[in-house]
Colleague: 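Sharing a structure with you now.
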2 protein chains.
Amino acid sequence: MNLKTRRIAELDRVIHEPGRLMIVALLSAVEQADFLYLQHETEMNKGTLSSHLSKLEEAGYIEVTKTYRGKIPQTLLHLTAQGRQAFQQYRRRMKEAL
Amino acid sequence: MNLKTRRIAELDRVIHEPGRLMIVALLSAVEQADFLYLQHETEMNKGTLSSHLSKLEEAGYIEVTKTYRGKIPQTLLHLTAQGRQAFQQYRRRMKEAL
DNA sequence: CAAACCAGTTTGCGCTACCAACCATACTCT
DNA sequence: AGAGTATGGTTGGTAGCGCAAACTGGTTTG
């Protein structure tokens with residue numbers, strides 16, 4: 001019982017942050033998304049979204065691909081296997097704690 | 001589906017913080033606890049625990065009672081109705097999102 | 001009496017989050 | 001060519017967290 005509570009402290013902080021939790025939850029469902037889609041869904045501003053994406057990439061949880069939609073730049077995001085696993089572990093721990 | 005994800009952004013930040021989430025989870029189970037019990041269970045240092053408790057009190061989520069165990073000061077904590085409600089709402093939203 | 005101890009708070013520091021504003025590129029319109 | 005627009009990144013300022021160290025008020029120990 002108390003051990004269960006203690007595991008809250010072991011939650012992955014990279015994923016726990018609400019902004020990033022939204023991103024990871026969205027990416028876990030769609031397999032691939034672009035920057036503007038995420039911005040629209042999360043209602044975050046560009047700067048905040050950009051820095052969260054950098055952090056997730058740095059952690060190895062997402063892969064960032066810069067490409068073009070016609071002639072307009074487009075940033076594509078997709079969850080890596082590692083990211084998917086980290087998210088599932090996060091979900092297990094959180095559900096267990098609540 | 002997207003609305004579900006967006007609700008992550010509405011999670012109560014006071015409760016979402018892991019240190020405070022542990023405190024609230026513990027208090028929701030025991031009805032009353034003292035400072036040292038919480039420190040032992042959460043493994044937080046005194047300073048961090050103290051500041052989280054202040055924040056929870058400020059939010060109206062816990063009630064802090066300073067008393068004595070013999071001649072040694074003792075700080076008792078218990079979840080208010082408001083705190084219990086906020087915790088339940090947090091749990092509902094988090095479970096729904098995951 | 002002085003030194004050590006106990007419960008808890010406050011403070012200083014490094015790190016992170018958030019937002020707004022600005023920047024770099026590249027395209028479009030007139 | 002010049003103004004405006006769109007994508008996305010970067011920067012500066014403010015606020016919160018986590019830890020360790022210093023501090024407060026009171027008690028015990030030598």
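In what follows, chains carry the letters A, B, and so on, assigned in the order in which the sequence lines appear, proteins first and then strands, with residues in each chain numbered from 1.
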Colleague: Given A:L76 and A:T67, is the side chain to side chain contact (heavy atoms under 4.5 Å, CB included) satisfied, shown in steps?
Modeller: CA-CA 7 Å; A:L76 293 175; A:T67 178; 3.7 Å; yes
Colleague: If I take atom CE in residue B:M22 and atom P in nucleotide D:dC17, what distance separates them, rounded to the nearest angstrom?
Modeller: 13 Å
Colleague: Return the polar atom pairs (N/O with N/O) between nucleotides 24-30 of chain D and the protein under 3.5 Å, or none.
Modeller:
none

Colleague: Below 4.0 Å from chain B heavy atoms, what is the first contacting nucleotide of DNA chain C and what is the last?
Modeller: C:dA7 to C:dC18
Colleague: Can you list every ring pair (Phe, Tyr, Trp, His ring centres under 6.0 Å) pair that touches residues 61-82 of chain A, not counting sequence neighbours?
Modeller: none
Colleague: I'd like to know whether A:L36 forms a side chain to side chain contact (heavy atoms under 4.5 Å, CB included) with A:E41, so could you lay out the CA-CA distance, the side-chain angles of the two residues, the decisive distance to 0.1 Å, and finally the verdict.
Modeller: CA-CA 9 Å; A:L36 289 181; A:E41 292 299 314; over 6 Å; no
Colleague: What distance do A:T80 atom OG1 and A:Q85 atom CD have between them, rounded to the nearest 0.5 Å?
Modeller: 9.5 Å
Colleague: Before you tell me yes or no, could you show the steps for A:R6 and B:E43 under salt bridge (charged side-chain N to carboxylate O under 4.0 Å, His left out), namely the whole-Å CA-CA distance, both residues' side-chain angles and the distance that decides it to 0.1 Å?
Modeller: CA-CA 8 Å; A:R6 262 251 82 229; B:E43 295 178 15; 3.4 Å; yes
Colleague: Starting at CG of A:L36 and ending at P of D:dT7, how long is that distance when rounded to a whole Å?
Modeller: 5 Å
Colleague: Taking side-chain hydrogen bond (donor to acceptor under 3.5 Å, both in side chains) as the test, write out the residues that go with B:Q88, two or more places apart.
Modeller: none
Colleague: Can you tell if the side chain of A:F87 reaches within under 4.5 Å of the side chain of A:D12, non-hydrogen atoms only?
Modeller: no
Colleague: Show which side-chain atoms of residues 14-31 of chain B pair as donor or acceptor with protein atoms under 3.5 Å away, not counting sequence neighbours.
Modeller:
residue : atom : partner : partner atom : Å
B:H16   : ND1  : B:Y90   : OH           : 2.7
B:H16   : NE2  : A:H16   : O            : 2.7
B:H16   : NE2  : A:H16   : NE2          : 3.0
B:R20   : NE   : B:V14   : O            : 2.6
B:R20   : NH1  : B:H52   : ND1          : 3.2
B:S28   : OG   : B:A25   : O            : 2.7

Colleague: For DNA chain C, which residues in residues 42-58 of chain B have a heavy atom at a distance below 4.0 Å?
Modeller: B:K46, B:G47, B:S50
Colleague: Could you tell me which residues satisfy side-chain hydrogen bond (donor to acceptor under 3.5 Å, both in side chains) with B:T65, sequence neighbours excluded, listed by chain and number?
Modeller: none
Colleague: Which residues in residues 11-21 of chain A have a heavy atom closer than 4.0 Å to any atom of DNA chain D?
Modeller: A:R13
Colleague: Using side-chain contact (heavy atoms from CB on, under 4.5 Å) as the criterion, list what pairs up with B:S51, not counting sequence neighbours.
Modeller: none
Colleague: To the nearest Å, how far apart are A:L38 CG and D:dG9 C1'?
Modeller: 16 Å
Colleague: So, does B:R84 use its side chain to make a donor-acceptor pair with the main chain of B:L79 at under 3.5 Å?
Modeller: no
Colleague: List for me each residue that meets side-chain hydrogen bond (donor to acceptor under 3.5 Å, both in side chains) alongside A:E58, sequence neighbours excluded, and say none if there are none.
Modeller: none
Colleague: Sequence neighbours left out, what passes side-chain contact (heavy atoms from CB on, under 4.5 Å) with B:S54? Give chain and number order.
Modeller: none
Colleague: B:E63 versus B:L77: any side-chain heavy-atom pair under 4.5 Å?
Modeller: no
Colleague: If pairs are Watson-Crick or G-U with both distances under 3.5 Å, what is the dot-bracket string of DNA chain C, marking crossing pairs with [ ] and pairs to another strand with |?
Modeller: ||||||||||||||||||||||||||||||
Colleague: Main chain of B:L38, side chain of B:T42: is a donor-acceptor contact present, judged purely on distance under 3.5 Å?
Modeller: yes
